[in-house]
Amino acid sequence: MVMQENFSLKPFNTFGVEASARYFSEVTSIEELIETLKFSNTQTLPLLFIGGGSNILLTKDFDGSAILLNLKGISEEIIDENHVLVTAKAGENWHQLVMYCLEKNYGGLENLSLIPGNVGTSPMQNIGAYGTEIKDVFESCKVLNLEKLKQCHTEALEVFNLEKCRFGYRDSIFKHEGKGKYVILEVTFRLTRKDHTIDVEYGAIKSELENLGIKKPTIQDVSKAVINIRQSKLPDPKVIGNAGSFFKNPTIPLSQFEALKLKFENIQGYPNGDFVKVPAGWLIEQAGWKGRQIGNVASHKLQALVIINATGNATGKEIFDFSSEIINSVNEKFGIELEREVNII
């Protein structure tokens, strides 16, 4: 483990903004992680754990210890004739894990193809796309309890099951009372080995499969359709700095949605009991932000939900301020306050 000072974090955030950390270290084992944490504790330094960097916005330099979790490894355990447990370390690339499972014909992750980031952050956000969320295939995750470690507790390693993670829409215990308390070390998924349930109810997937001329899709076909859709409308972070969807899709009371429908006849919504989920991208576009650029920052021309570092020279504060303008504009027009999905540092 090597601790570096005044280290640039630009290569480690997909927005590509310049910000530095007072200390930086890359860890490849639990032992190195614990050693780094003990140093940080003696210095009483705030901590920033970095994975794929695809869901953070650095708005200023970080006056603490930034730790790149580069824990690697994938293992599997056959449970029964149709189920397998696949365990991936936190530093594994998410999309590469999906591809690994598809090569083995393990089903359950195909709708989550091409989501940027690493495995370790997937439970934090309960990442999801095209009708599927992590919670649908989640078995457990191993975490390091930072408070117990600080107290030299012998049982600092813990296992969280599905119930303990308290998953919600792009949400989990790790974003609330567990924030800053746990580090996710590995995640285990329960996947199918055969008799896969194919989820193509999401309209865009159906259309893409039709375009591909596929009538009886496999899990590999679904993945290919998802990849085609994402590549057609979402910018590659390696080319244009972004963090994917910047905002959550808001859920509002049915009564509020019906009132809005009287004023905006073409408003989109997906009912769920007494509530309706409204696409944030539609709200942002209707408020006039799709493709709009201010200085170095813009809303993407093909997907208003994505904020981009348009010139490559944007600061984190510029991007944050741009997102605030969108929030205020949507709230003023629709009476709906958007919530950022990206973690603000």
Side-chain angles (χ1 to χ4, degrees), residues 1-73 89-94 116-122 124-125 142-153 156-157 174-175 178-186 237-238 240-243 296-297 307 309 311-321 323 340 342-345:
M1 184 273 295
V2 178
M3 186 77 69
Q4 301 182 69
E5 296 186 47
N6 299 318
F7 192 84
S8 172
L9 298 178
K10 186 173 183 176
F12 303 103
N13 72 96
T14 58
F15 266 117
V17 300
E18 184 59 78
S20 63
R22 182 176 168 189
Y23 295 101
F24 173 87
S25 57
E26 177 180 351
V27 299
T28 58
S29 68
I30 295 177
E31 292 73 23
E32 284 185 351
L33 173 60
I34 291 174
E35 182 184 349
T36 303
L37 290 170
K38 285 180 177 178
F39 168 81
S40 300
N41 289 338
T42 60
Q43 303 291 314
T44 62
L45 295 169
L47 300 172
L48 173 63
F49 294 98
I50 303 173
S54 62
N55 202 46
I56 59 173
L57 175 61
L58 300 164
T59 59
K60 58 184 178 181
D61 291 339
F62 183 69
D63 188 23
S65 179
I67 302 172
L68 177 65
L69 288 173
N70 201 14
L71 311 179
K72 298 287 189 177
K89 301 289 187 184
E92 288 289 342
N93 176 270
W94 174 260
N118 289 354
V119 169
T121 52
S122 62
M124 293 177 63
Q125 296 289 119
K142 183 183 289 185
V143 305
L144 182 65
N145 187 317
L146 298 178
E147 292 181 1
K148 287 185 177 180
L149 181 68
K150 194 178 292 186
Q151 298 163 6
C152 298
H153 200 290
L157 291 175
F174 304 109
K175 294 186 74 173
K179 187 174 183 178
K181 184 177 178 181
Y182 304 103
V183 181
I184 298 172
L185 304 174
E186 63 181 39
K238 294 176 183 176
I240 301 175
N242 74 92
N296 295 306
V297 189
I307 293 177
N309 182 349
T311 65
N313 298 316
T315 65
K317 186 178 184 305
E318 280 183 283
I319 295 170
F320 180 83
D321 291 345
S323 71
R340 296 177 181 90
V342 173
N343 294 307
I344 309 300
I345 307 300

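Sequential numbering from 1 along the given sequence is applied to the chain's residues. Values below: all heavy atoms of this structure, side chains included; hydrogens, waters and symmetry mates excluded.
- Of all heavy-atom pairs spanning Thr36 and Ser25, the tightest one is CG2-OG, 3.1 Å.
- Checked by atom type and distance alone, the side chain of Asn296 never pairs as donor or acceptor with a backbone atom of Thr311 at under 3.5 Å.
- Other residues, nucleotides and ligands contribute over 12 non-hydrogen atoms within 6.0 Å of the NZ atom of Lys175.
- Remark: the backbone N or O of Ala243 is not paired with any side-chain donor or acceptor of Ser54 at under 3.5 angstrom.
- In this structure, the side chains of Asn343 and Gln125 come closer than 4.5 Å at one or more pairs of heavy atoms.
- Interatomic distance, CG of Leu149 versus CG of Leu33, reported as 8.0 Å (0.5 Å rounding).
- Considering only heavy atoms from C-beta on, Tyr23 stays 4.5 Å or farther from Ser40 through its side chain.
- In this structure, the side chain of Lys317 does not engage the main chain of Lys60 through any donor-acceptor pair within 3.5 Å.
- You'll find the side chain of Phe15 stays beyond 4.5 Å of the side chain of Val297, heavy atoms only.
- Taking NZ of Lys181 as the reference point, atom NZ of Lys148 lies at 8.0 Å (rounded to 0.5 Å).
- For the residue pair Asp63 and Pro46, the shortest heavy atom distance occurs at O-CG, 3.2 Å.
- Using a 4.5 Å heavy-atom threshold, the side chains of Leu146 and Leu47 count as touching.
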* Asked: Under the side-chain contact (heavy atoms from CB on, under 4.5 Å) criterion, do Val27 and Leu69 qualify, and how do the steps go?
  -> CA-CA 6 Å; Val27 299; Leu69 288 173; 3.8 Å; yes
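- Side-chain contact between Leu48 and Ile345 is present, with at least one heavy-atom pair separated by less than 4.5 Å.
- Glu92 places a side-chain N or O within 3.5 Å of a backbone atom of Gly73 that can act as its donor or acceptor partner.
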* Asked: Given Leu37 and Leu144, is the side-chain contact (heavy atoms from CB on, under 4.5 Å) satisfied, shown in steps?
  -> CA-CA 11 Å; Leu37 290 170; Leu144 182 65; 3.6 Å; yes
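- Taking CZ from Phe49 and CG from Leu68, the interatomic distance works out to 11.5 Å, rounded to the nearest 0.5 Å.
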* **Test log, rule side-chain contact (heavy atoms from CB on, under 4.5 Å), inputs Thr315 and Glu18** => CA-CA 7 Å; Thr315 65; Glu18 184 59 78; over 6 Å; no
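- Counting only heavy atoms from C-beta outward, the side chains of Leu71 and Glu186 never approach each other to under 4.5 Å.
- Nearest heavy atom pair, residue Ser323 against residue Phe320, reads OG-O, 2.6 Å.
- For the residue pair Asn118 and Gly91, the shortest heavy atom distance occurs at ND2-O, 3.6 Å.
- Between Thr14 and Asn242 the shortest side-chain heavy-atom distance does not fall below 4.5 Å.
- A donor and an acceptor atom, one from each side chain of Glu32 and Thr28, are located under 3.5 Å apart.
- With rounding to the nearest 0.5 Å, the separation of NZ in Lys89 from NZ in Lys142 is 5.5 Å.
- Closest heavy-atom contact between Leu9 and Ala66: CD2-CB, 4.1 Å.
- A donor-acceptor contact shorter than 3.5 Å is absent between the side chain of Asn70 and the backbone of Glu26.
- Between Leu157 and Leu185, the closest side-chain pair of non-hydrogen atoms falls below 4.5 Å.
- Relative orientation of the Phe174 and Tyr182 rings is perpendicular, given thresholds of 30° and 60° on the angle between their planes.
- Of the inter-residue distances, the one linking Asn55 atom CG with Ile344 atom CD1 reads 9.0 Å to the nearest 0.5 angstrom.
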